[in-house]
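The sequence lines fix the lettering, A, B, ..., with proteins before strands; numbering per chain opens at 1. Only heavy atoms go into these numbers, but all of them, side chains included; no hydrogens, no water, no symmetry mates.
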Number of protein chains: 2
Amino acid sequence: MSFISTRSRYGLRFLIELSKRRNEGPVDLGSIAEDQAIPETYLAKLVVPLRNAGIIRSARGAKGGYELSRSPDDITVLEVVEVLEGRSSLLECTERPELCARSADCPTLPIWTGLEKAVHDYLKGVSVSDAAAPRAPDYAI
Amino acid sequence: MSFISTRSRYGLRFLIELSKRRNEGPVDLGSIAEDQAIPETYLAKLVVPLRNAGIIRSARGAKGGYELSRSPDDITVLEVVEVLEGRSSLLECTERPELCARSADCPTLPIWTGLEKAVHDYLKGVSVSDAAAPRAPDYAI
DNA sequence: TCTATTGATACTATACTGGTCCGGTTAGGA
DNA sequence: TCCTAACCGGACCAGTATAGTATCAATAGA
Ligand code: SF4
Ligand code: SF4
């Protein structure tokens, strides 16, 4: 059970919280960790790749914290998952067929490739602002 | 990287091979393991849940082996993955929301639920016989 | 300068993945 | 009958990933 691990789940909840507290200036990690019941030291590590990816920006020092560096409409869940899981695929061989000697005529590869695409398309269609909406009906169907 | 682990990949390739060798009578594990380059002792373990699920049947003794117990059209890849991964979901909380205290008003849960559904629908739409087809164009798009 | 807050590493405990090994059981065939 | 091909079941194992902790340094506001 690892494609959507706590990394993505915590991370997405963190971003939603940031999107709710836009225009408060930088929000400190501790307050989000607390009200989302996420271990602060663990969340602190998830924040690094998000910053590197340009999704959030940070301010150090007292009164520092994090804020979204883009509109939540422009942050897709796909991007968040890719950044936090370190990969975008459920399978190595769909992205790097050269890793498997059998890939050239593997009958199952097209199936997995299709599955990847289904996942990609879905996640690409949902943004952080969709997620932040109180009851978002569309993507749940 | 584990939702589609070697279990599903090996298992599906095994079933495809069985579907190709239908009407040969029981096929012994060793010969499939060899030509699919799957460790025989490992494959031997994957075969147990497939039998328990009624996907294949086994014959013991000399000249024994395995054969599909249903038409390959009636075996969906979804079923194979569920049986071999021991679960159908990428996330626990979508199936058992009671595991998470926050599930009642978790803003991200509908997203993951929607993702599960996308995955389910896709995998349900592909059967072992589709997979066995030499170049199956439909589901790869 | 004091203090709140991020930044960067290093460490750990647990579980999962992908195997191997081995002794036992069943049944076809010489 | 007895040999042997094949399945059956379980213990075991090394490597890696996940989830989390701990420590200390850097920075900026009051
Ligand atoms: S055999 Fe097919 S599914 Fe398995 S790793 Fe190779 S290409 Fe991928
Ligand atoms: S917080 Fe939401 S996504 Fe995370 S486990 Fe609970 S219900 Fe699932």
Can you tell me how far the [atom1] atom of [X] sits from the [atom2] atom of [Y], to the nearest 0.5 Å?
{"X": "B/E92", "Y": "A/I4", "atom1": "CD", "atom2": "CD1", "result": "14.0 Å"}
{"X": "A/L15", "Y": "A/S127", "atom1": "CG", "atom2": "OG", "result": "11.5 Å"}
{"X": "A/I56", "Y": "A/F14", "atom1": "CD1", "atom2": "CZ", "result": "4.5 Å"}

Q) Quick one: do A/R22 and A/E67 make a salt bridge, cutoff under 4.0 Å? A)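 Answer for the salt bridge query: no.
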Q. B/S58 side chain: which of D/dG9, D/dC7, C/dG18 is closest?
A.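 Output: D/dC7.
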**Q.** Closest to side chain of B/R51, choosing from D/dC8, C/dT6, D/dA19
**A.**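 The answer is D/dC8.
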Separation of atom [atom1] in [X] from atom [atom2] in [N], rounded to whole Å:
{"X": "A/R57", "N": "C/dT6", "atom1": "CZ", "atom2": "P", "result": "15 Å"}
{"X": "B/I38", "N": "C/dT20", "atom1": "CD1", "atom2": "P", "result": "12 Å"}
{"X": "B/L84", "N": "C/dT17", "atom1": "CG", "atom2": "C1'", "result": "14 Å"}
{"X": "A/Y42", "N": "C/dT9", "atom1": "OH", "atom2": "P", "result": "19 Å"}
{"X": "A/F3", "N": "D/dT18", "atom1": "CZ", "atom2": "P", "result": "12 Å"}
{"X": "B/L43", "N": "C/dT20", "atom1": "CG", "atom2": "P", "result": "12 Å"}
{"X": "A/L46", "N": "D/dA19", "atom1": "CG", "atom2": "P", "result": "10 Å"}
{"X": "B/Y10", "N": "C/dT17", "atom1": "OH", "atom2": "P", "result": "14 Å"}

Q: Using a heavy-atom cut-off of under 4.0 Å over every strand shown, decide if B/A44 touches base, sugar-phosphate, or nothing.
A: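 Answer is nothing: B/A44 stays at 4.0 Å or more from every strand.
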Q: Quick one: label A/G30 by what it contacts on the DNA or RNA (base, sugar-phosphate, nothing), any heavy atom closer than 4.0 Å.
A: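 No contact.
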Q. Using the C1' atoms of five pairs at each end, what's the angle between the two axes of the helix from C/dT1-D/dA30 to C/dA30-D/dT1, to 10 degrees?
A.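 Here the helix ends are tilted 0° relative to one another.
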Expected rows: protein N/O vs nucleotides 24-28 of chain C N/O, under 3.5 Å:
{"residue": "C/dT25", "atom": "O2", "partner": "B/R60", "partner atom": "NH2", "Å": "2.9"}
{"residue": "C/dT26", "atom": "O4'", "partner": "B/R60", "partner atom": "NE", "Å": "3.3"}
{"residue": "C/dT26", "atom": "O4'", "partner": "B/R60", "partner atom": "NH2", "Å": "3.3"}
{"residue": "C/dT26", "atom": "O2", "partner": "B/G61", "partner atom": "N", "Å": "3.3"}

Side-chain atoms of residues 29-45 of chain B: list all donor-acceptor pairs with protein atoms under 3.5 Å, sequence neighbours left out, distances to 0.1 Å.
{"residue": "B/S31", "atom": "OG", "partner": "B/R21", "partner atom": "NH1", "Å": "3.1"}
{"residue": "B/S31", "atom": "OG", "partner": "B/D28", "partner atom": "O", "Å": "3.0"}
{"residue": "B/S31", "atom": "OG", "partner": "B/D28", "partner atom": "OD1", "Å": "3.4"}
{"residue": "B/D35", "atom": "OD2", "partner": "B/R21", "partner atom": "NH2", "Å": "2.8"}
{"residue": "B/Q36", "atom": "OE1", "partner": "B/R13", "partner atom": "NE", "Å": "3.0"}
{"residue": "B/Q36", "atom": "NE2", "partner": "B/E17", "partner atom": "OE1", "Å": "3.1"}
{"residue": "B/Y42", "atom": "OH", "partner": "B/T6", "partner atom": "OG1", "Å": "3.2"}

Q) Hey, are the side chains of A/L12 and B/W112 touching, using non-hydrogen atoms and a 4.5 Å cut-off? A)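 Counting from C-beta outward, A/L12 and B/W112 do come under 4.5 Å.
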Q: Could you tell me whether the side chain of A/D73 reaches within less than 4.5 Å of the side chain of A/S129, counting heavy atoms only?
A: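 With C-beta onward as the side chain, the pair touches.
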Q. Does B/K45 get its side chain close enough to the base of C/dG19, under 3.5 Å, for a donor-acceptor pair?
A.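 Answer is yes: a donor-acceptor pair is held.
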Q.
Quick check: on DNA chain D, is the nucleotide nearest B/D28 upstream (toward 5') of the one nearest B/T41, or the reverse? Name the residue that is more 5'.
A.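 Of the two residues, B/D28 wins.
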Q. Does B/T94 offer a backbone N or O that forms a donor-acceptor pair with the side chain of B/T113 under 3.5 Å?
A.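 Judged by distance alone, no pair lies under 3.5 Å.
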**Q.** Within 6.0 Å of CZ in A/R96, more than 12 heavy atoms from elsewhere
**A.**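 Not buried by this count: 12 neighbours or fewer within 6.0 Å.
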